[in-house]
Structures are given as structure tokens and as C-alpha cells.
2 protein chains.
Amino acid sequence: MSSKAPKDSPPTTERGRQRRNALLDAAQRLFLEHGYGQVSVNDIVAQAGGSLSTLYRHFGNKEGLFQAMIERRSHHIYDTLTADGVDELPIENALQRLGIDLLIKVMDEETLGIYREVVAESPRQPQLARLFFDGGPGRVRRALADYFDRRVQRQLMPAGDSIELAGIFLGMLLGEWHLIRVLQLESPPSRAAIEDRVTRCVDLFLHGVQGFPSSRRQ
Amino acid sequence: MSSKAPKDSPPTTERGRQRRNALLDAAQRLFLEHGYGQVSVNDIVAQAGGSLSTLYRHFGNKEGLFQAMIERRSHHIYDTLTADGVDELPIENALQRLGIDLLIKVMDEETLGIYREVVAESPRQPQLARLFFDGGPGRVRRALADYFDRRVQRQLMPAGDSIELAGIFLGMLLGEWHLIRVLQLESPPSRAAIEDRVTRCVDLFLHGVQGFPSSRRQ
DNA sequence: AAGATAGTGTAGTCTACACTACACATTGAG
DNA sequence: CTCAATGTGTAGTGTAGACTACACTATCTT
């Protein structure tokens with residue numbers, strides 16, 4: 001009958017992919033800066049160039065565009081964090097490296113924006129939650145748990161629920177900081193402050209609070 | 001001139017306080033269930049009974065009502081958590097008790113709803129962020145840090161940045177769990193699961209990962 | 001060169017909703 | 001008893017914005 005592709009259509013032509021990406025780029029900029037509810041589809045088209053009809057052909061509706069944007073970004077952001085080649089390092093250094101990389105990413109204004117929007121919209125768009133979690137935080141946790149598992153197998157570490165252990169370590173790293181940055185209560189931490197905190201967390205994770213933190217050794 | 005009380009007016013009469021509370025109750029139920037943007041002031045008046053004019057007399061506008069509601073709830077929720085009388089317990093038990101109380105509160109659907117709404121709206125309403133943080137999470141962190149300080153003074157614990165330490169411990173407790181519940185990816189944990197996790201966290205916090213977790217002792 | 005596929009541009013429809021206006025009722029203090 | 005404050009109810013007003021319709025153009029394949 002007619003040429004309808006009501007859902008998310010895979011772009012066939014080169015020009016198609018360009019338009020699609022332009023729309024995603026504009027959506028990303030505007031949604032993350034002003035929030036999903038505050039941005040109209042017309043705003044996005046105005047920013048991206050092109051036409052409203054194209055937007056609807058590609059994404060079906062406003063939610064479809066939003067989800068496509070979130071999925072693209074969650075993957076991209078956490079792609080740099082799969083952290084391989086750390087098996088040769090002592091665990092302190094491995095955790096340190098992963099921690100610093102993670103905190104830098106997570107404290108980044110773009111990442112925070114995605115987090116805010118996902119939290120805000122997930123009650124209405126449950127697929128969004130999965131998209132984000134599996135593409136982002138869940139993958140980091142999985143990667144860290146795998147690292148722990150390998151160490152257990154090499155008998156460098158006691159066995160345990162490695163996925164939970166990974167979650168706890170990641171929780172330590174973010175702790176209060178994440179909330180404070182999400183709510184924009186303080187300005188972003190410096191690189192030095194991040195390194196400092198990660199050191200303290202790694203030490204605490206490995207030795208606990210009763211064995212004096214290494215930052216306190218004189 | 002006219003009888004204008006454009007901002008948040010202190011209720012003078014008894015009847016006034018009743019109406020005001022009825023509005024706050026309705027706002028709470030609806031905002032937390034459907035989200036700030038999805039609920040109209042007319043919905044709230046319909047739920048609360050009374051009249052639209054009354055709402056505007058009390059709160060000035062929709063945002064004012066929202067903020068009053070959030071402030072009231074943040075305080076109420078975390079009021080049960082100031083956790084005193086723990087100084088006499090061994091630290092394991094003190095942390096255990098506080099951890100369980102906290103996790104139960106934080107995993108509660110109402111608390112999660114407040115968190116979602118604050119995160120969603122704080123970019124547009126920055127006062128909201130402070131209101132929530134200082135009335136809620138910030139107070140818990142402060143209380144725990146004070147507890148650490150007292151222990152340091154009694155030489156039961158090495159000195160350090162107690163506020164950061166408190167933040168890290170709280171981060172361990174919440175870890176992955178909070179995000180998972182915020183995004184509604186899993187159903188609420190049982191009381192037993194909570195106790196289990198808190199035990200593991202306390203142990204890890206005190207002894208680190210290299211001393212086998214207590215849950216692994218046979 | 002023809003027809004399919006994708007893109008453009010404009011104009012319009014329909015609905016939702018924050019906020020206001022206004023006329024009237026209730027209450028309680030002095 | 002009165003007057004000032006407070007609450008009620010209804011009926012707007014104005015605007016914003018998601019989505020559609022439609023007529024037309026550009027590009028690509030065969």
C-alpha cells in the first residue's frame with residue numbers, strides 16, 4: 001500500500017543515515033540541556049534542519065526519538081570503560097585505574113544529563129530503564145564482576161558473589177558524589193580530587209576501616 | 001490593597017491548615033504516582049476537594065505546591081533515621097542497625113518516588129535540590145559522620161575525613177540496588193535480603209575484601 | 001527514463017492545561 | 001453584628017505543542 005515504516009526503520013541510504021544522525025544529535029543536545037518535557041519536536045527539527053515529516057518517518061513519535069537517542073549514548077559512553085588488560089596489574093592498580101576512568105565519565109555533565117532524563121522518564125517508558133542499564137551501568141558492573149571471577153579462579157581472592165561485590169565497589173566510588181552532582185549542589189571535582197577519592201575507596205575496599213587507610217600512613 | 005498572599009502564606013486559622021494539608025496530601029499522592037509534569041492542578045483540586053482558588057492562594061503556583069510537598073516529605077521520611085543511642089553498641093551492630101533502617105526507608109516506593117521527582121525537576125527548580133538533600137540524605141550523612149567523630153574521640157577508630165567516610169559507607173549500602181529500584185528493574189528486596197546485604201557491607205567496610213567476608217565463614 | 005524510496009515545507013487540527021476573573025458563602029474575632 | 005479574611009464554584013483565556021495532511025522535490029536503481 002503506502003510507504004509506511006511506523007517503527008524504528010533501519011536507514012537504507014547514505015542520505016537517510018545523515019538525516020537520522022542529525023536528528024539524533026539535535027535531540028541529544030536539546031533533551032539533555034532542557035529536559036524531555038521542555039523540548040518540542042519542532043525545536044528539534046529547527047535545530048537539526050530538515051523536516052518534521054522526516055522525524056516521524058524515522059522514529060514514529062517523540063518517545064521513539066528519545067529512546068533511540070538514549071540507547072546510542074549509553075552505549076557510546078560506557079564503551080570506553082570495558083577496561084581490559086588489567087589482569088596483569090596488582091589489584092590496587094587495576095581498581096584504581098578503573099575507578100578513575102569511571103568517575104571521570106560519570107561526573108561528566110553529559111552522563112549526568114542522561115541519568116537525569118532516564119530517571120525522570122523511566123516510569124512512563126519502562127523499556128528506557130533496561131536500555132540504559134544494560135547499555136551502561138550494568139555493563140560496567142558485569143565487566144568488574146568478570147574481573148573478580150578471574151581473580152578468584154587464579155586464587156588471588158576469596159570466592160563470593162562477584163556481581164554483588166562489584167556493585168558494592170561501584171557504590172563506594174559514587175557514594176554521595178553522584179547525588180551531589182546530579183542535583184548540581186557542587187561544582188565538578190578536579191582530577192586530583194577524583195584520584196584522591198579513588199585511592200581512599202580502593203584502600204577501604206581492600207583493607208577496611210580498621211586497618212588505617214593508606215592515605216594516613218606517614 | 002487587595003488580600004494577596006502571593007507566596008507561601010503561614011496558615012492562620014484551623015480550617016486553613018486543614019485545606020492546606022488536604023492539598024498537600026493530594027499533591028503527594030498524585031505527583032509521586034504519575035510525575036510532576038503529568039498531573040494538572042485541576043487533578044489535585046479534584047482529589048483534595050475544595051477549590052482551585054484556594055490552591056493558588058496558599059502556594060502561589062504549581063511549583064510552590066510541589067516544593068512545599070517535597071520539603072514536608074523529605075523531612076518526615078528521614079526523621080526516623082537520626083539513629084541515636086548507638087554509641088553503646090559495638091560498631092558492627094551500630095552500623096548494622098543503621099544500615100537496615102536506611103535501606104528499608106530508601107527502598108520504599110514513596111521514597112523512590114520523591115527521589116525520581118527531585119532528580120527530574122531539580123534542573124528547573126534548583127531550590128528543590130537543596131531542600132531535598134539537606135532535609136534527607138545530607139542529614140543522614142551528617143549523623144553518621146558525627147557518630148564516627150565520637151568514636152575517633154574515644155580512640156576507637158583512626159581519624160580521617162569522617163563526612164567522606166560516611167558518604168562512602170552509605171554508597172556501599174545503596175550501590176547498585178538503589179539504581180535498580182529507581183528504574184524499577186527488579187521487585188523490592190525482602191527483609192532478609194536487606195539484612196544479608198547490610199551484613200556483607202558492614203563486614204567489608206570494617207575488614208576489607210581480603211579478610212574473608214563473614215557470610216563465607218563456615 | 002521511470003518508478004520507488006526518502007526528504008522537504010507549510011499549514012492546520014485538536015487537545016491539554018496553567019492561571020485568572022468574578023460573584024458568592026462561611027467563619028470567627030472583637 | 002459586622003467586617004475582614006478565607007474558602008467555593010464556575011467559566012473563561014491564552015498558549016503551547018504533538019501529530020497529520022498534502023503537495024511537491026531529490027536521489028537511486030535498474
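So you know, we letter chains A, B, ... as the sequences are listed, proteins then strands, and number each from 1.
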*Would you say the side-chain atoms of A/Q47 pair up with the backbone N or O of A/L30, donor to acceptor, closer than 3.5 Å?*
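Here the side-chain-to-backbone pair does not exist.
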_Can a donor-acceptor pair be found, under 3.5 Å and without considering hydrogens, that links the side chain of A/R124 to the backbone of B/H34?_
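Looks like yes, one N/O pair under 3.5 Å.
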Nearest listed nucleotide, side chain of [X], among [options]:
{"X": "B/V41", "options": "C/dA18, D/dG7, C/dT20", "answer": "C/dA18"}
{"X": "B/S51", "options": "D/dG9, C/dG9, D/dA18", "answer": "D/dG9"}
{"X": "A/Y56", "options": "D/dT8, D/dA18, C/dT8", "answer": "D/dA18"}
{"X": "B/R57", "options": "D/dT8, C/dC17, D/dA11", "answer": "D/dT8"}
{"X": "A/S40", "options": "D/dT20, D/dA18, D/dA11", "answer": "D/dA18"}

Using whole Å, what does the distance between atom [atom2] of nucleotide [N] and atom [atom1] of [X] come to?
{"X": "A/R20", "N": "C/dT5", "atom1": "CZ", "atom2": "C1'", "value": "16 Å"}
{"X": "B/F59", "N": "C/dA18", "atom1": "CZ", "atom2": "P", "value": "15 Å"}
{"X": "B/L52", "N": "C/dC17", "atom1": "CG", "atom2": "P", "value": "13 Å"}
{"X": "B/L23", "N": "D/dG7", "atom1": "CG", "atom2": "C1'", "value": "11 Å"}
{"X": "B/L55", "N": "D/dT6", "atom1": "CG", "atom2": "P", "value": "16 Å"}
{"X": "A/H58", "N": "C/dT5", "atom1": "NE2", "atom2": "P", "value": "15 Å"}
{"X": "B/N61", "N": "C/dC19", "atom1": "CG", "atom2": "P", "value": "5 Å"}
{"X": "A/I44", "N": "D/dC19", "atom1": "CD1", "atom2": "C1'", "value": "14 Å"}

If you look at every strand shown and take non-hydrogen atoms under 4.0 Å, does [X] touch a base, only sugar-phosphate, or nothing?
{"X": "B/T54", "answer": "base"}
{"X": "A/V39", "answer": "sugar-phosphate"}
{"X": "A/S53", "answer": "base"}

*Would you mind checking if B/R130 and B/E71 are paired as a salt bridge, meaning a charged N to carboxylate O distance below 4.0 Å?*
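No, B/E71 and B/R130 are not salt-bridged.
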*asked:* Give me the atom names and distance for the closest heavy-atom approach of B/I168 to A/C201.
replied: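 Taking B/I168 first and A/C201 second, the nearest heavy atoms are CD1-SG, 3.8 Å.
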_Just so I know, are the side chains of B/F133 and B/R141 near enough to count as touching, which here means a heavy-atom distance under 4.5 Å?_
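Side chain of B/F133 against side chain of B/R141, heavy atoms only: contact under 4.5 Å found.
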*Find which nucleotide of DNA chain D each of B/R19 and B/N42 is nearest to by heavy atoms, and output the residue with the more 5' nucleotide.*
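The answer here is B/R19.
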